[in-house]
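Numbers restart at 1 for each chain; the letters A, B, ... are given by sequence-line order, proteins then strands. Just the heavy atoms: all of them, side chains too, but no hydrogens, waters or symmetry mates, feed the values below.
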Amino acid sequence: MTMNTTPDPLIERLAGELEPVRVPARREGLAWVALAVAATVLAIELIEGLWRGIASGEASAMFWIANGLLLVLGLAAATSAVTMAGPRVGNAHEAPRWALAALGVLPLAVLATLATGGESHSPLADSHGLACALAGLAAGVLTAVTLVLWLRRGAPVSPAAAGLHTGLAAGALGSAAYGLSCPIDGAAHLGIWHVLPVALAAAIGRLAIPPLVRW
Amino acid sequence: MIADEPTLANLMRLSQQGDRQAYTVLLTEVKLWLERYFRRRVAPAQLDDLVQEVLLALHRKRASWDPSRAFLPWLAAIARYRWVDHLRKAYRREEAALEDHDAAEDSGEEAVLARLSLDRLLVRISARQAEAIELVKVEGLSIREASARTGQSESAVKVNIHRGLKKLSALVEKAE
């Protein structure tokens, strides 16, 4: 080991200022996200009321598939964003990409059905669609704030990716949370209007979050 | 030779607990490591500034290192982040020529260093982008001089620098 005999003033100053630090574990970040989602679901229950048909077996298979895919994407993106607070050459953030591709099958399936004449009603004629999309987007706000605060405590070295993954997580988890209150469980509604918040939140996150987490 | 990974990780662990003596040794070793890491990837006159910036970043963000993981990949990620940031800010400097600092390399850590290196980042952008960044941001040539040297138009040099830096900033954590 090499030791400089001449003390470096900066090193001396930094060593003089040193205080013990608490190292936040990754699971702590994930616990905060889980708490944010739980608080969001509670708020939705209080404001809109959750759909009771879920518990009584009225929900279609598509309801479970769409919300399941949203949840998987939300968990993958949230885990990725939480991990970005602790940088490391060699970290890969590939999982959200594949989860997003899987979710993308839903709108593509709706469009394919429309194109081949299998769906008689256009999703654009869905009078509840836009309200669902905006509510899903709003339901992601708490998750986004939680992740941004977490990232600001850490040292993200890819602010653009951190913003994108935070947006994906917030959009997907927000839409899944709001989905628990939505009784419209057809493929066209879920595949378009419940996926749209993910795209919107990802775009907002990519544009608005990097300046907030850059250091 | 510079301290190895287990020694540095141990010093960092002690530093996170507030051990000032260990921290002084750590920062001294890290400074040497960074000087070697940035060699030939930053104008010599700016090397000290960049090393100091990374030391300050290490100090400020020391809680973001997970003691259960290796230390050098964390340090390299921070060093790369600051380096890209530095390239963005770098303007024409008086010192155009780079000195060749090819000292004897330490063999033991070569494989690790190669994986973490800045060269590993530069090969991931196009040759024209890397050339434009190298000439203007590292060697300190003007856009016009870089254009004459490379045969690229002046606007192509600017575009290649802009796109190359954007891509580099997205690759900071890439190892392969």
Side-chain angles (χ1 to χ4, degrees), chain A residues 1-30 80-95 97 149-165 206 210-211 213-215, chain B residues 1-4 7-8 13 15-32 51-52 55-70 72-82 84-85 115-117 120-121 166 169-176:
Chain A
M1 192 189 303
T2 314
M3 280 291 295
N4 274 356
T5 46
T6 320
D8 180 304
L10 177 68
I11 292 175
E12 279 192 329
R13 178 168 76 77
L14 296 180
E17 288 173 5
L18 186 72
E19 295 293 337
V21 285
R22 194 178 72 80
V23 180
R26 198 172 68 148
R27 62 178 178 278
E28 189 184 322
L30 294 172
S80 173
V82 165
T83 305
M84 284 182 185
R88 178 175 168 271
V89 172
N91 272 351
H93 305 285
E94 298 294 321
R97 186 177 300 182
L149 291 175
W150 177 261
L151 284 163
R152 285 172 65 91
R153 281 176 67 186
V157 292
S158 305
L164 179 66
H165 288 215
R206 171 65 186 80
V213 300
R214 196 164 280 134
W215 54 280
Chain B
M1 102 176 238
I2 298 169
D4 56 11
T7 307
L8 291 170
R13 206 168 289 121
S15 302
Q16 284 182 329
Q17 293 161 14
D19 184 330
R20 291 181 179 180
Q21 198 177 351
Y23 197 43
T24 305
V25 178
L26 174 77
L27 292 180
T28 308
E29 293 298 320
V30 164
K31 187 181 171 199
L32 293 170
V51 169
Q52 289 205 351
L55 289 177
L56 286 166
L58 179 156
H59 181 70
R60 194 173 140 213
K61 295 293 185 182
R62 63 192 185 279
S64 70
W65 177 64
D66 177 350
S68 67
R69 311 194 79 165
L72 285 174
W74 175 80
L75 177 63
I78 289 179
R80 283 179 173 189
Y81 181 60
R82 278 284 167 258
V84 175
D85 214 32
R115 197 162 169 269
L116 304 178
S117 74
R120 191 58 69 98
L121 275 189
K166 197 172 172 193
S169 71
L171 294 171
V172 167
E173 290 187 288
K174 288 276 183 209
E176 303 305 331

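- Contacts with chain B were tallied for A/Gly154, A/Ser158, A/Gly86, A/Pro87; A/Pro87 has the most, counting heavy-atom pairs under 4.5 Å.
- From B/Leu55, atom CG reaches atom CZ of A/Arg13 across 10.5 Å, with rounding to the nearest 0.5 Å.
- A salt bridge is absent between B/Asp66 and A/Arg26; no separation between the charged side-chain nitrogens and carboxylate oxygens falls under 4.0 Å.
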Exercise for the section: Could you check A/Leu18 against B/Thr24 for side chain to side chain contact (heavy atoms under 4.5 Å, CB included), going step by step and ending with a plain yes or no? Expected result: CA-CA 10 Å; A/Leu18 186 72; B/Thr24 305; over 6 Å; no
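- The number of heavy-atom neighbours closer than 6.0 Å to CZ of B/Arg13, taken from other residues, nucleotides and ligands shown, is above 12.
- The distance from atom NE2 of B/His59 to atom CD1 of A/Ile11, rounded to the nearest 0.5 Å, is 12.0 Å.
- Proximity to chain A involves both the backbone and the side chain of B/Trp74, based on heavy atoms less than 4.5 angstrom apart.
- The CH2 atom of A/Trp215 lies 9.0 Å from the CG atom of B/Asp85; values are rounded to the nearest 0.5 Å.
- Scanning both residues, B/Tyr81 and A/Pro156, for their nearest heavy atoms gives CZ-O, 4.0 Å.
- Interatomic distance, CZ of B/Arg69 versus CG of A/Asn91, reported as 5.5 Å (0.5 Å rounding).
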Practice task
Output, in order, the C-alpha distance, side-chain angles, deciding distance and verdict of side chain to side chain contact (heavy atoms under 4.5 Å, CB included) for A/Val89 and B/Leu72.
Solution key: CA-CA 9 Å; A/Val89 172; B/Leu72 285 174; over 6 Å; no
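- When heavy atoms are compared at a cutoff of 4.5 Å, B/Gln16 approaches chain A by way of both its backbone and its side chain.
- Contact annotation for A/Pro9: neither backbone nor side-chain heavy atoms come within less than 4.5 Å of a heavy atom of chain B.
- Annotation: maximal heavy-atom pairing with chain A below 4.5 Å, among B/Ser15, B/Ala63, B/Pro67, B/Ala57, occurs at B/Ala63.
- Here the shortest heavy-atom pairing between B/Lys61 and A/Arg152 reads NZ-O, 3.4 Å.
- With a threshold of 4.5 angstrom between heavy atoms, A/Ala160 does not approach chain B through any atom at all.
- Annotation: side chain of B/Glu173 is in contact with side chain of A/Val157 (closest heavy-atom distance under 4.5 Å).
- Taking A/Glu17, A/Glu12, A/Met84, A/Arg153 one by one and counting their heavy-atom pairs under 4.5 Å with chain B, the maximum is reached by A/Glu17.
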